[in-house]
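Down below is the structure, laid out as structure tokens.
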Amino acid sequence: MTQEKEWPLYEVFVRGKRGLNHVHVGSLHAADDEMAVRHARDVYTRRNEGVSIWVVKAADITASSPDEKDPLFAPAGDKVYRHPTFYTIPDDVPHM
Amino acid sequence: MTATEDEVELQAAFDGTIARNDRIEPRDWMPEGYRRTLVRQIAQHAHSEIIGMQPEGNWITRAPSLRRKAILLAKVQDEAGHGLYLYSATETLGVSRAELTEMLIEGRQKYSSIFNYPTLSYADVGTIGWLVDGAAICNQVPLCRTSYGPYGRAMIRICKEESFHQRQGYELLMTMMRGTDEQRAMVQESVDRFWWPALMMFGPPDADSPNTAQSMAWGIKRNTNDDLRQRFVDMTVPQAEALGVTLPDPDLRWNDERGHHDFGQPDWEEFMQVVKGNGPCNAQRIAHRRRAHEDGAWVREAATAFAKRTVGEASAPVVEEVAQQPSRNPGREGT
């Protein structure tokens with residue numbers, strides 16, 4: 001078999017309809033950005049699943065790692081006062 | 001901290017995630033056996049979708065009407081899409097798409113034995129939709145809850161689309177059953193050929209399926225082969241009655257005590273032969289896939305060369321132009 005270099009991996013995000021965020025739906029390989037959009041249309045929106053597509057090279061994504069030992073999400077852990085349920089308000093106070 | 005202690009901790013975190021019925025995601029630590037099992041299972045599933053295009057693709061040019069041709073084209077295109085969802089899920093485990101294709105073509109990874117049977121008549125298009133896709137749905141619905149996130153998400157997309165596949169097949173057969181005696185005979189003959197291979201799709205009996213227990217402990221599989229086979233038989237019997245065909249099993253009957261149908265065993269020796277590569281179409285399926293891959297090489301090379309040239313030509317004014325196209329620039333997305 002011929003040894004060819006594989007096309008880069010793209011991650012695909014689709015906006016399901018107006019008013020919604022783009023959501024990650026999967027990935028695909030394409031030679032360039034434009035082909036990635038075309039492939040994304042054929043692979044991920046064959047049944048009107050989207051009104052808009054974003055593609056980005058997987059290599060360009062910076063991610064937090066869930067198994068990292070350093071407490072990336074820890075600062076939010078002990079700040080219960082950021083949630084509305086932290087505050088006790090009498091039941092008979094309306095519209096709260 | 002020693003490496004061993006570290007590993008114990010990682011294993012404990014993994015076991016905890018599985019025990020909570022939570023999902024494992026690509027960047028999580030996972031036992032090597034878990035990764036290996038997933039790669040084997042998801043890749044085999046992906047290959048099945050890709051090879052599965054061939055038996056039905058065989059009838060696209062001979063579909064009896066434009067309506068049937070459009071449906072069949074859409075279905076075969078879906079199978080390609082399903083293969084791609086699954087390849088992309090496999091890639092999250094650190095295997096490349098090119099490696100997977102190579103392993104398929106070289107026979108180092110398998111695909112479902114069902115696709116090694118030929119499609120001898122147009123009725124087979126209907127039977128495959130009804131029985132083969134029906135069996136696939138039975139297998140796949142529980143996999144939507146599999147413990148590996150990307151696999152489960154791919155299965156959810158696939159299951160949504162499989163429903164169309166099964167219904168178009170059943171409707172095709174219903175139409176033929178309303179036709180002439182000859183057409184009804186075609187349907188029955190097709191069902192006779194596909195019934196047993198469809199039952200084999202669930203894999204060997206539980207007693208001969210050594211990997212099942214571990215796969216279930218890991219939450220990769222959610223039901224045993226025999227459970228799913230029973231579910232499929234129970235679902236299919238009333239559908240066969242409604243259609244007016246006979247399922248070719250003299251032992252098939254309702255068992256009031258069990259609340260399930262009793263049924264005969266497929267020829268497991270035949271199954272092993274097909275898995276080993278000695279089925280009616282194994283060589284043909286792989287040769288066709290290899291040819292398609294090799295014939296497409298120049299297209300992939302040309303696209304790569306074009307992409308390289310376009311990147312090389314990119315200059316400031318071009319970038320500006322791109323930025324003004326809303327669909328190309330997430331930051332200014334209009335829709």
Side-chain angles (χ1 to χ4, degrees), chain A residues 1-69 72, chain B residues 6 9-10 13-14 17 24-30 74 77-78 80-89 91-92 96-99 101-102 105-106 150 153-154 157 160-161 164 290 293-294 297-311 322 326-330 333-335:
Chain A
M1 192 175 298
T2 50
Q3 283 300 316
E4 38 184 295
K5 200 174 170 306
E6 204 167 12
W7 289 342
L9 186 68
Y10 283 83
E11 299 296 335
V12 181
F13 301 78
V14 171
R15 183 199 293 289
K17 59 180 186 183
R18 285 167 185 275
L20 298 181
N21 287 322
H22 283 75
V23 173
H24 181 246
V25 292
S27 60
L28 49 76
H29 289 276
D32 57 30
D33 298 357
E34 195 178 335
M35 185 194 272
V37 171
R38 287 173 191 276
H39 282 181
R41 184 200 63 181
D42 292 344
V43 177
Y44 292 106
T45 62
R46 286 193 302 283
R47 290 177 175 78
N48 305 313
E49 289 96 336
V51 295
S52 163
I53 294 172
W54 292 349
V55 294
V56 58
K57 282 202 180 83
D60 290 340
I61 292 180
T62 307
S64 69
S65 175
D67 62 38
E68 265 170 13
K69 290 277 166 56
L72 182 68
Chain B
D6 209 26
E9 204 175 292
L10 290 167
F14 173 86
T17 305
I24 305 293
E25 293 295 343
R27 292 158 66 88
D28 292 342
W29 181 91
M30 58 187 89
Q77 192 190 8
D78 272 354
H82 296 177
L84 294 175
Y85 304 155
L86 289 161
Y87 281 133
S88 104
E91 286 191 290
T92 63
S96 84
R97 179 73 186 283
E99 283 175 77
T101 302
E102 199 159 323
I105 291 176
E106 291 175 357
R153 293 192 285 274
R157 302 185 69 84
K160 274 187 197 161
E161 301 181 355
F164 141 62
R290 176 190 291 276
H293 184 67
E294 287 172 359
W298 72 271
V299 180
R300 294 189 295 275
E301 283 159 21
T304 304
F306 179 78
K308 237 180 239 164
R309 204 183 62 181
T310 332
V311 170
V322 169
S327 65
R328 298 277 291 276
N329 186 329
E333 247 285 338
T335 46

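Below, each value reflects all heavy atoms present in this structure, side chains not excepted, and no hydrogens, waters or symmetry copies. Chain naming here is simple, since letters A, B, ... match the order of the sequence lines and numbering starts at 1 in each.
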If you look at every heavy atom in A307(B) and D32(A), which pair is closest and at what distance? CB-CB, 3.7 Å
Qualifying residues under side chain to side chain donor-acceptor pair (under 3.5 Å), relative to Y85(B), sequence neighbours excluded: R46(A), E161(B)
Chain A heavy atoms under 4.5 Å from F164(B): which part of the residue, side chain, backbone, both or neither? side chain
Inter-residue atom distance R97(B).CZ - L28(A).CG, 0.5 Å rounding: 9.0 Å
Calculate, to the nearest 0.5 Å, the distance between atoms NZ and CD belonging to K160(B) and E49(A) respectively. 7.5 Å
Kindly indicate whether the side chain of M35(A), heavy atoms from C-beta on, has any atom under 4.5 Å from the side chain of F306(B). no
Close side-chain approach of R47(A) to D78(B), heavy-atom, < 4.5 Å: yes
Between the OG atom in S96(B) and the CG atom in L9(A), the distance rounded to the nearest 0.5 Å is 10.5 Å
Please name all residues satisfying salt bridge (Lys or Arg N to Asp or Glu O under 4.0 Å) with R38(A), sequence neighbours left out, ordered by chain then number. E34(A)
Any side-chain heavy-atom pair from Y44(A) and R157(B) closer than 4.5 angstrom? yes
In this structure, are over 12 heavy atoms from other groups packed under 6.0 Å from N48(A) atom CG? no
Distance, nearest 0.5 Å, that separates CD of E6(A) from CD of E91(B): 6.0 Å
If I compare all heavy atoms of S88(B) with all of S27(A), which pair ends up nearest, and what's the gap? CB-OG, 3.2 Å
